[in-house]
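Here's the structure we're looking at; comments come further down.
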Amino acid sequence: LWPWLLASSGLSAVVQLVTLPFFPDSPSYLLIQKGNEEACKKAIRKLWGEGDHQAEIDDIMKEKVAMTSTKTLRVLEVIKERSLRWQLYILMTVMTTLQLCGINAIYFYSFEVFHTAKFEEYLIPYVSLGVGLCECLSSILCSTLIDRFGRKVLLWGGYALMSSVLALLTMTLSLQHQFFWMHYFSVILIFLFVIFYGIGP
């Protein structure tokens with residue numbers, strides 16, 4: 001079953017490979033990059049139907065003017081530019097914390113935690129699949145929450161909840177040999193951590 005499950009990801013690639021040639025090019029790409037206004041109008045009609053789409057074309061033209069007046073910076077120029085320094089620091093902090101938040105450790109040791117929790121050997125891959133499904137569903141949930149609460153709230157809340165879960169997980173793993181129910185609590189915490197990771201960072 002697992003080879004078929006892994007191979008199923010190729011199905012979406014095949015569907016994209018077959019259907020993408022029939023999709024129209026992006027109107028902004030056709031107008032800004034290619035400079036082809038007729039192809040842009042044709043793509044807009046194909047995407048949004050017949051009608052007066054001059055307002056959309058005007059917006060794309062304004063974007064083109066803004067892009068031509070904006071200087072493209074190289075990597076070293078971005079680093080040296082004082083006006084971009086805080087944005088760069090914030091971006092580096094977010095990306096670093098994303099890599100060091102513990103999600104890789106959770107995925108790496110989850111099998112061992114499930115095994116210690118006395119799950120049957122044949123069930124452990126399905127429990128691991130459930131963890132991945134939790135991340136997928138929480139990411140979908142995040143897309144609806146981000147408009148309501150904003151990115152900053154989700155980041156702060158996600159990292160705070162993940163830190164709390166990791167602290168509790170450390171405690172439950174330390175006490176798992178003293179209380180039999182700690183194994184199951186650890187499993188619940190792993191699922192909660194993955195959900196908070198999907199909603200937050």
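Numbers for residues simply follow the sequence, beginning at 1.
Cluster membership check: Leu133 does not share its hydrophobic cluster with Tyr126, using side-chain heavy-atom separations under 4.5 Å among Ile, Leu, Val, Met, Phe, Trp and Tyr. Hydrophobic clustering of Ile, Leu, Val, Met, Phe, Trp and Tyr side chains at less than 4.5 Å, counting indirect connections, keeps Phe196 apart from Tyr109. In this structure, Phe111 is a member of the same hydrophobic cluster as Met182, with clusters built from ILVMFWY side-chain heavy atoms closer than 4.5 Å. No chain of hydrophobic side-chain contacts below 4.5 Å, direct or via other Ile, Leu, Val, Met, Phe, Trp or Tyr residues, connects Ile103 to Leu100. Linking Ile, Leu, Val, Met, Phe, Trp and Tyr residues whenever their side-chain heavy atoms come within less than 4.5 Å places Leu155 and Met95 in a single cluster.
With sequence neighbours excluded, the residues satisfying side-chain contact (heavy atoms from CB on, under 4.5 Å) with Ser128 are Phe114, Ile124. Partners of Tyr89 under the ring-ring contact (aromatic ring centres under 6.0 Å, His included) rule, at least two apart in sequence or in another chain, are Trp86. Taking Gln87 as the reference, Leu84 meet the side-chain contact (heavy atoms from CB on, under 4.5 Å) condition, with sequence neighbours excluded. A search for ring-ring contact (aromatic ring centres under 6.0 Å, His included) contacts involving Phe22 returns nothing, not counting sequence neighbours. For the side-chain contact (heavy atoms from CB on, under 4.5 Å) test, residues two or more places apart in sequence or in another chain that qualify with Pro24 are Ala43, Lys46, Leu47.
The structure places CG of Asp58 at 6.5 Å from NZ of Lys62, a figure rounded to the nearest 0.5 Å. Atom CD1 of residue Ile57 and atom OG of residue Ser28 lie 12.0 Å apart, to the nearest 0.5 angstrom. The NZ atom of Lys64 sits 5.5 Å away from the CG atom of Leu31 when rounded to the nearest 0.5 Å. In this structure, NE2 in His115 is found 12.0 Å from CG in Leu123, a value given to the nearest 0.5 Å. Note that the CG atom of Leu30 and the SG atom of Cys40 stand 6.5 Å from one another [nearest 0.5 Å].
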Which donor-acceptor pairs under 3.5 Å do the side chains of residues 135-151 make with protein atoms, sequence neighbours left out?
unit_1, atom_1, unit_2, atom_2, d
Glu135, OE1, Tyr107, OH, 2.2
Ser138, OG, Cys134, O, 2.9
Ser138, OG, Glu135, O, 2.9
Ser139, OG, Glu135, O, 2.8
Ser143, OG, Ile140, O, 2.5
Thr144, OG1, Leu141, O, 2.6
Arg151, NH1, Gly200, O, 3.2
Arg151, NH2, Pro201, O, 3.1

Distance-only donor-acceptor pairs under 3.5 Å for side chains of residues 171-179, two or more places apart:
unit_1, atom_1, unit_2, atom_2, d
Thr172, OG1, Leu168, O, 3.3
Thr172, OG1, Leu169, O, 2.9
Thr172, OG1, Ser186, OG, 3.0
Ser174, OG, Thr170, O, 2.8

Donor-acceptor pairs are to be reported for all side-chain atoms of residues 6-16 against protein atoms at under 3.5 Å, with residues two or more places apart or in another chain.
unit_1, atom_1, unit_2, atom_2, d
Ser8, OG, Leu5, O, 2.5
Ser9, OG, Leu6, O, 2.9
Ser12, OG, Ser9, O, 3.0

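Here the side chains of Met162 and Cys101 are in contact, with some heavy-atom distance below 4.5 Å. Between Val131 and Ser110, the closest side-chain pair of non-hydrogen atoms is not below 4.5 Å. For the pair Tyr159 and Leu98, the minimum side-chain heavy-atom distance is below 4.5 Å.
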Query - CA sep, side-chain torsions, deciding dist, call: Ile106, Tyr197, side chain to side chain contact (heavy atoms under 4.5 Å, CB included) - result: CA-CA 11 Å; Ile106 288 290; Tyr197 172 80; over 6 Å; no
Requested in this report: Start with the C-alpha distance between Ile188 and Leu192, add both sets of side-chain angles, then the distance that settles side chain to side chain contact (heavy atoms under 4.5 Å, CB included), and finish with yes or no.
Outcome: CA-CA 6 Å; Ile188 293 168; Leu192 284 175; 4.2 Å; yes
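Every pair passing salt bridge (charged side-chain N to carboxylate O under 4.0 Å, His left out) that includes a residue from residues 19-38 is listed here, sequence neighbours excluded: Glu37-Lys41. Counting only residues at least two apart or on different chains, no salt bridge (charged side-chain N to carboxylate O under 4.0 Å, His left out) pair has a member in residues 77-94.
Taking a 4.5 Å side-chain heavy-atom cut-off between Ile, Leu, Val, Met, Phe, Trp and Tyr, the cluster of Tyr184 contains only that residue. Hydrophobic cluster membership of Leu20, counting Ile, Leu, Val, Met, Phe, Trp and Tyr whose side-chain heavy atoms lie under 4.5 Å apart directly or via other members: Phe23.
Contact record, Phe191 with Val127: CZ-O, 3.7 Å, taken as the closest heavy-atom pair.
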